[in-house]
Amino acid sequence: MKTLRNAAIGETVKVVKLYGEGPIKRRIMDMGITKGVEIYVRKVAPLGDPMEVTVRGYELSLRKADAEMIEVE
């Protein structure tokens, strides 16, 4: 299983599945990250947290913990 956290800088990935419970999953979906959407990995901070991605035409910063809940291909 590959998660968004494992995606390389400059890579475009497609969301396969979202993990998590209740409000955490809802927050990720409210940010526009849903099944089938493409995510472009723009930058990752030196220590790996946070990472900056482009989703649906806008930039978004995600924590490592949130990125691990997003399965991609």
Side-chain angles (χ1 to χ4, degrees):
M1 179 182 90
K2 181 178 179 183
T3 63
L4 182 58
R5 186 174 184 276
N6 305 118
I9 297 170
E11 186 178 3
T12 300
V13 294
K14 187 175 179 181
V15 177
V16 177
K17 186 173 181 180
L18 295 175
Y19 295 95
E21 297 284 323
I24 298 168
K25 186 174 181 179
R26 167 61 40 207
R27 186 168 54 84
I28 291 171
M29 292 176 72
D30 286 345
M31 289 188 272
I33 300 172
T34 55
K35 185 178 177 182
V37 76
E38 289 191 346
I39 300 175
Y40 173 72
V41 181
R42 294 174 48 91
K43 300 182 217 171
V44 177
L47 296 176
D49 201 15
M51 63 189 308
E52 188 175 304
V53 297
T54 301
V55 181
R56 300 180 190 261
Y58 67 93
E59 282 82 39
L60 179 66
S61 291
L62 288 172
R63 293 178 284 188
K64 281 193 286 191
D66 294 340
E68 285 187 352
M69 293 183 194
I70 303 166
E71 183 180 340
V72 296
E73 63 179 6

Residue pairs involving residues 12-24 (criterion side-chain hydrogen bond (donor to acceptor under 3.5 Å, both in side chains); sequence neighbours excluded): Tyr19-Glu71

For Lys64 against Leu47, the heavy-atom pair lying closest together: NZ-O, 3.8 Å

More than 12 heavy atoms from other groups under 6.0 Å of CZ on Arg27: yes

Heavy-atom closest pair, residues Gly32 and Val55: O-CG1, 3.6 Å

Within one Ile-Leu-Val-Met-Phe-Trp-Tyr cluster: Leu60 and Ile39, side-chain cutoff 4.5 Å: yes

ILVMFWY cluster, Val72 and Val37 together (side-chain gap under 4.5 Å): yes

Shortest non-hydrogen separation from Met69 to Ile24 and the atoms involved: SD-CG2, 3.5 Å

Which atom of Thr34 lies closest to which atom of Met29, heavy atoms considered: CG2-O, 4.3 Å

Test side chain to side chain contact (heavy atoms under 4.5 Å, CB included) applied to Lys43 - qualifying residues, sequence neighbours left out: Glu52

Nearest-0.5 Å distance that lies between atom OG1 in Thr3 and atom CG in Asp66: 11.5 Å

Between CG on residue Leu62 and CG on residue Leu4, distance to nearest 0.5 Å: 6.5 Å

Val44: side chain to side chain contact (heavy atoms under 4.5 Å, CB included) partners, not counting sequence neighbours: Ile9, Val41, Met51

Heavy-atom pair with the smallest gap, counting every atom of Val15 and Ile33: CG2-CG2, 4.0 Å

